[in-house]
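I have placed the structure first, in the form of structure tokens, so that the comments after it can refer back to it.
Here is the naming used below: chain letters follow the sequence lines, and residue numbers restart at 1 for every chain. Since we're looking at a predicted model, the values are computed, not measured.
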Amino acid sequence: MLEIKCPYCGSRSQNEFSYGGDSNAKRPELGKEVSDKDWDNFIYLRKNPRGKHSELWHHVAGCRQWFKVLRDTSTHEIFKTAKLTDEL
Amino acid sequence: MTAMTSLQYIHKKGRFGDSNKKGGKNLLQISEVKNLAIIQLVQYKKSKIEPGTIKIGDLDLPLKSPKVTTDKETRILWNAPRTWLVISSKKNIISTIKDKCDDKNFAVTDISHSRAVIQIKGIQAKEVLKKGCPININEIQVNSCAGTVFNGITVMVDFVNNNPDTFNLLALRSFGETFYHHITDSALEFGYFGV
């Protein structure tokens, strides 16, 4: 079980949270022409690194806020958490 | 006509579990808290108002987790950034809130009908919570709150008093029956009095 530090509520158990995927995925700019390949990449293509990974988590049973987590995917060590508006 | 509470036909009164020869503060009490106004207050993102300047009655809006501001009739719980729960026995609390929080800056929603509120009171109250809540119950201070889970059910834990330990537990109304059974099952070991 992980202990995750929500930037708003403090350290809480993993079962209050929901995983939200890679935080580096960037949606193609609105209003601009997007190729099928770029759109497909945005929807489906994700890095799957062994090691440090920047992720989104949702404190679904607490403050219901999304935030960023820098986690090691092999050891599950959490290095840092930050609000969406802040840098990791 | 009186509104039906979520646990009206679920909550049973009397002694249950290992309650023999126990009484007073030694016996856990479980009750349904009725007739509360529960108002959700959300400040819009575009709003420029400083929430620290707003008072509901004599109470400030708490600005950080896990703060609760309180007087005899009303409790204001920090729920999330720019989001609060106002829980009050005053019937007209919503008009008091609307006077202070205009609709250009705040969403004021009456959610009284959508919550089941269970109160557990007694020296074993923390032990009951520890059976299902992952938060560190030993560290929680009186007049603080936490949004968390109890056996997988999303709840708001509000620490009302520490003499004896008294917690108000708010769950979604539709989870009320399941949540009630989880709480009472956890309390059987200590024995409890349904009030």
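Between atom CD of residue Glu16(A) and atom CD1 of residue Ile135(B) there is a gap of 7.0 Å, rounded to the nearest 0.5 Å. Rounded to the nearest 0.5 Å, atoms OG1 (Thr83(B)) and CD (Gln65(A)) are 6.5 Å apart. For the atom pair Asn151(B) CG and Asn15(A) CG, the distance stands at 10.0 Å (nearest 0.5 Å). The OH atom of Tyr8(A) sits 14.0 Å away from atom CG of Asn79(B), with the distance rounded to the nearest 0.5 Å.
Counting all heavy atoms, side chain and backbone alike, Ser13(A) lies closest to Pro134(B) at CB-CB, 3.3 Å. Nearest heavy-atom pair, Cys63(A) versus Ala80(B), reported as atom, atom and distance to 0.1 Å: O-CB, 3.2 Å.
In this structure, the portion of Arg12(A) lying under 4.5 Å from any heavy atom of chain B is its side chain and not its backbone.
Residue Lys5(A) qualifies as open at atom NZ: its count of foreign heavy atoms under 6.0 Å is 12 or below. Taking a 6.0 Å sphere around NZ of Lys67(B), one finds it holds 12 or fewer heavy atoms contributed by other residues, nucleotides or ligands. Counted within 6.0 Å of CG on Asp58(B), heavy atoms from surrounding residues, nucleotides or ligands total 12 or fewer; the atom is thus considered open. Within a 6.0 Å radius of CZ in Phe175(B), other residues, nucleotides and ligands contribute 12 heavy atoms or fewer. The number of heavy-atom neighbours closer than 6.0 Å to CZ of Arg64(A), taken from other residues, nucleotides and ligands shown, is 12 or below. For Lys121(B), the NZ atom sits in a loose shell: 12 or fewer heavy atoms of surrounding residues, nucleotides or ligands are nearer than 6.0 Å.
Counting heavy-atom pairs closer than 4.5 Å to chain A, the top-ranked of the candidates Thr154(B), Thr148(B), Ile153(B) is Thr148(B).
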